[in-house]
Chemist: 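First the structure, then my questions, so here it is.
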2 protein chains.
Amino acid sequence: MEEPLIFKKPNFKLAEEIINKAVALKKTVIIIGKCKVNYSGRAKSTLGFGERIVLIKKDGALLIHRPIGYLPINWQPSNCIFQISSNNEELKIKSVRKDVKEEVFIVFSEILLLTVLNLKDEGEFNLYASEEDMKKAIFLKPELIEEGFKIIEFEKKVEPGFIDVYGIDKKGNLVIIEVKRKIAGKEAIMQLMKYINVVSKLTSRSLRGIIAAPKLAKKASKLLETFNIEFKSLNPKVCASIIENEKNKKYSLKEWL
Amino acid sequence: MEEPLIFKKPNFKLAEEIINKAVALKKTVIIIGKCKVNYSGRAKSTLGFGERIVLIKKDGALLIHRPIGYLPINWQPSNCIFQISSNNEELKIKSVRKDVKEEVFIVFSEILLLTVLNLKDEGEFNLYASEEDMKKAIFLKPELIEEGFKIIEFEKKVEPGFIDVYGIDKKGNLVIIEVKRKIAGKEAIMQLMKYINVVSKLTSRSLRGIIAAPKLAKKASKLLETFNIEFKSLNPKVCASIIENEKNKKYSLKEWL
DNA sequence: ATATGCATGTCGCAC
DNA sequence: GTGCGACGTGCATAT
């Protein structure tokens with residue numbers, strides 16, 4: 001790993017130079033010090049002086065962290081432009097977004113520690129058990145929904161949006177499935193009803209609506225009855241393991257060929 | 001400001017001791033080094049080795065930041081418990097949540113920099129131009145909606161939720177207003193319709209539904225017509241400035257008394 | 001604990 | 001660029 005540059009209590013002029021250079025060279029910067037922050041854009045905020053951790057990433061993301069809380073108190077997403085200036089009393093960092101009119105303005109009255117890093121991170125990231133994975137699992141094993149169920153189309157476009165899974169049951173009824181990776185609330189049912197209404201206008205065949213999710217919210221179960229929708233319990237982790245197995249199968253198949 | 005403890009390339013045993021102590025004493029810890037991460041809980045993820053910034057806050061929040069991106073690649077919200085262990089080759093940090101079964105497991109193969117901070121942050125934070133502010137502005141100036149509009153109730157409870165603003169127009173029609181601080185989509189209209197349906201069952205008076213938002217989504221504008229709902233453009237910043245003015249008025253009033 | 005809706009949500013993807 | 005839905009969303013609030 002490349003050695004970081006560490007500056008303890010740099011004066012503001014020096015800090016300005018270092019940060020400017022670091023941003024230009026697309027390094028990662030960590031500033032620890034006492035600052036106040038003003039944000040203005042879609043909304044507006046003010047934050048009085050306090051000791052914080054400020055992170056500037058090489059892609060132009062800005063994070064201002066207080067000593068507590070998971071969320072940054074102020075921030076800018078990636079692709080920001082920075083203007084840094086200083087005098088004897090303070091260091092000012094202004095970050096503006098290229099696309100939207102959003103501005104974060106930081107004034108440091110004290111800098112305790114300034115670190116410049118050149119991080120190398122090629123690590124692969126994989127996330128399992130998403131809603132996408134649940135749909136894939138249904139594709140691989142339509143019987144997860146019920147025996148004899150066949151898929152006609154995925155992500156079928158209908159006017160107000162996309163039907164997650166569109167298929168036909170063994171009796172020939174059309175089936176519209178809304179997939180949720182966590183507890184399905186009324187919004188899931190509303191979404192499904194929307195699709196059922198639209199599709200029912202396009203066909204005279206009988207239609208079934210199914211919510212496939214790990215669980216159903218209590219209030220949603222009442223709606224279920226009134227709208228005559230069905231619920232199919234579907235565990236995202238089970239879905240993830242099905243995909244995992246399938247991957248292995250493919251590999252063995254490939255090896256066998 | 002209290003001086004931070006800075007350790008360059010500490011050995012794993014030392015790092016373990018320091019982090020353990022820091023967590024126990026509710027300090028803020030920053031670890032910069034090469035690590036891999038496994039997450040498991042609602043979903044599951046793996047992240048290969050790479051150089052990252054790991055932040056442990058005194059409230060038990062955990063953030064793992066790659067050199068790019070606004071969001072942490074892995075994380076835990078506040079109130080986590082940490083288990084730290086080490087051997088000659090690696091430092092392991094496991095964080096589990098108290099309430100939910102969620103676990104993040106970090107393995108460091110190299111530690112470049114370990115910093116322990118005792119940040120003091122009493123700065124006041126204020127956010128303006130929220131949806132709440134828009135409602136307040138309507139309260140202060142009902143004419144923002146239209147001339148002659150009078151408010152009956154705020155956040156009126158009806159069965160499926162709360163009506164943002166409930167009032168009466170100069171002709172005596174009941175008015176139900178749904179406020180949105182950004183572009184109102186179909187979900188806003190669905191919400192409003194829900195309230196209109198419920199209220200229409202409770203009264204025989206004529207009812208008007210109004211979406212008050214800075215803008216209306218295109219698809220939503222079609223729905224607007226079909227449901228015979230009105231749209232009132234309302235800028236959140238204008239609302240914020242109305243509140244600001246009102247504050248000043250109160251101050252002058254106070255001074256005058 | 002559960003449910004519901006907001007957020008400077010952010011992000012990705014389709015149009 | 002805009003629109004729309006997912007997210008390990010987090011978070012506050014009301015029941």
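Because the structure is a prediction, the values reported are computed rather than measured. Throughout, a chain's letter reflects where its sequence line sits, starting with A, and its residues are numbered from 1.
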Chemist: Which nucleotide, D:dG8, C:dG5, C:dT8, lies nearest any side-chain atom of B:Val104?
Modeler: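 Given the options D:dG8, C:dG5, C:dT8, the side chain of B:Val104 is closest to D:dG8.
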Chemist: Kindly point out which of D:dG10, C:dC11, C:dG9 is positioned nearest to the side chain of B:Lys182?
Modeler: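 Among the listed nucleotides, the one closest to the side chain of B:Lys182 is C:dG9.
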Chemist: Rounded to the nearest Å, what distance is computed from the CD atom of residue A:Glu155 to the P atom of nucleotide D:dC4?
Modeler: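 Rounding to the nearest Å, CD of A:Glu155 and P of D:dC4 are 16 Å apart.
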Chemist: In whole angstroms, how far is the C1' atom of D:dT2 from the CG atom of B:Leu216?
Modeler: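 Rounded to whole Å, this separation is 14 Å.
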Chemist: Is a salt bridge present between A:Lys180 and A:Glu178, judged by a nitrogen-to-oxygen distance below 4.0 Å?
Modeler: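 Between A:Glu178 and A:Lys180 there is a salt bridge, with a charged N closer than 4.0 Å to a carboxylate O.
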Chemist: Please determine whether a side-chain nitrogen or oxygen atom of A:Arg42 lies at a distance below 4.0 Å from atom OP1 or OP2 of C:dT10.
Modeler: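 Indeed, a polar side-chain atom of A:Arg42 lies that close.
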Chemist: Rounded to whole Å, how long is the line connecting atom OH of B:Tyr70 with atom C1' of C:dG9?
Modeler: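 Answer to the nearest Å: 7 Å.
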Chemist: Counting side-chain heavy atoms from CB outward, which of D:dG8, C:dT8, C:dA3 is closest to A:Ile183?
Modeler: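 The listed nucleotide nearest to A:Ile183's side chain is C:dA3.
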Chemist: Roughly how many Å is it from CG in B:Asn79 to P in D:dG8, rounded to a whole number?
Modeler: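 Rounded to the whole Å, the gap is 21 Å.
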Chemist: Report the residue (A:Lys218 or B:Phe125) whose heavy-atom-nearest nucleotide on DNA chain C is the more 5′ of the two.
Modeler: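 Residue closer to the 5' terminus by nearest nucleotide: A:Lys218.
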Chemist: When you get a sec, tell me which of C:dC11, C:dG5, D:dC11 is the closest nucleotide to the side chain of B:Pro77?
Modeler: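 Of the candidates, D:dC11 comes closest.
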Chemist: Quick one: A:Glu187 CD to C:dC6 P, roughly how many Å, whole number?
Modeler: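 After rounding, the reported distance stands at 12 Å.
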Chemist: Is any side-chain heavy atom of B:Arg97 less than 4.5 Å from a side-chain heavy atom of B:Asn79?
Modeler: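 With C-beta onward as the side chain, the pair stays apart.
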Chemist: Check every strand shown and say whether B:Lys44 touches a base, only sugar-phosphate, or nothing at a heavy-atom separation below 4.0 Å.
Modeler: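 No contact.
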Chemist: So which nucleotide from D:dA6, C:dT8, C:dT4 ends up closest to the side chain of A:Ala217?
Modeler: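 Nearest to the side chain of A:Ala217 among the choices is C:dT4.
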Chemist: For nucleotides D:dG8 and D:dC4, find the distance between their P atoms and express it as a whole number of Å.
Modeler: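 Going atom to atom, P in each nucleotide, I get 23 Å.
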Chemist: Would you say the base of C:dT8 stacks on A:Trp75 (centre-to-centre below 5.5 Å, plane angle below 30°)?
Modeler: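 Stack criterion met.
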Chemist: Hey, does the side chain of A:Asp121 reach the backbone of B:Arg66 with a donor-acceptor pair shorter than 3.5 angstrom?
Modeler: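 No.
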Chemist: Calculate the interatomic distance between A:Leu62 atom CG and C:dT10 atom P; express it in whole Å.
Modeler: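 Checked: the CG to P distance equals 12 Å.
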Chemist: I want to verify a distance call: between C:dT8, D:dG3, D:dC11, whose nearest atom is closest to the B:Lys215 side chain?
Modeler: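 Shortest atom-to-atom distance from the side chain points to D:dG3.
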Chemist: Separation of B:Phe162 atom CZ from D:dT15 atom P, in whole Å?
Modeler: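 After rounding, the gap between these two atoms is 5 Å.
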Chemist: Partner of D:dG8 by Watson-Crick or G-U wobble geometry, both contacts under 3.5 Å, or none?
Modeler: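 Pairing partner, where one exists within any strand: none, as none qualifies.
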Chemist: Indicate yes or no for a side-chain donor-acceptor contact from A:Lys57 to the backbone of B:Gly69 under 3.5 Å, with no hydrogens or angles considered.
Modeler: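 Yes; at least one donor-acceptor contact below 3.5 Å.
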Chemist: Could you give the OH-to-P distance, from B:Tyr39 to D:dT9, as a whole number of Å?
Modeler: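 In whole Å, D:dT9 P lies 7 Å from B:Tyr39 OH.
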Chemist: Which sits closer to the 5' end of DNA chain C, B:Gly69 or A:Ser45, going by the nucleotide each is nearest to?
Modeler: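 That would be A:Ser45.
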Chemist: Check whether any side-chain N or O of A:Arg181 sits under 4.0 Å from OP1 or OP2 of D:dT9, and answer yes or no.
Modeler: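 Affirmative; the distance criterion is met.
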Chemist: Does A:Glu153 reach the main-chain N or O of A:Ile163 with its side chain, forming a donor-acceptor pair under 3.5 Å?
Modeler: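 Checked: no pair found.
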Chemist: Rounding to the closest angstrom, what is the interatomic distance between C:dC11 and C:dA7 at atom C1'?
Modeler: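 Going atom to atom, C1' in each nucleotide, I get 14 Å.
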Chemist: For A:Asp99 and for A:Leu127, locate the closest nucleotide of DNA chain D by heavy-atom distance; then report the residue assigned to the nucleotide nearer the 5' terminus.
Modeler: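 Whichever sits nearer the 5' end wins; that is A:Asp99.
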Chemist: Can you list the steps and then say if A:Glu102 with A:Tyr39 is a side-chain hydrogen bond (donor to acceptor under 3.5 Å, both in side chains)?
Modeler: CA-CA 8 Å; A:Glu102 294 265 14; A:Tyr39 151 73; 2.8 Å; yes
Chemist: Would you say D:dG5 has OP1 or OP2 under 4.0 Å from some side-chain N or O of B:Lys186?
Modeler: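 It does, given that an N or O in the side chain of B:Lys186 lies less than 4.0 Å from OP1 or OP2 of D:dG5.
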Chemist: Looking at C:dC6, I'd like to know if its phosphate oxygens (OP1 or OP2) sit under 4.0 Å from a side-chain N or O belonging to B:Lys180.
Modeler: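 Checking B:Lys180 against C:dC6: at least one side-chain N or O falls below 4.0 Å of OP1 or OP2.
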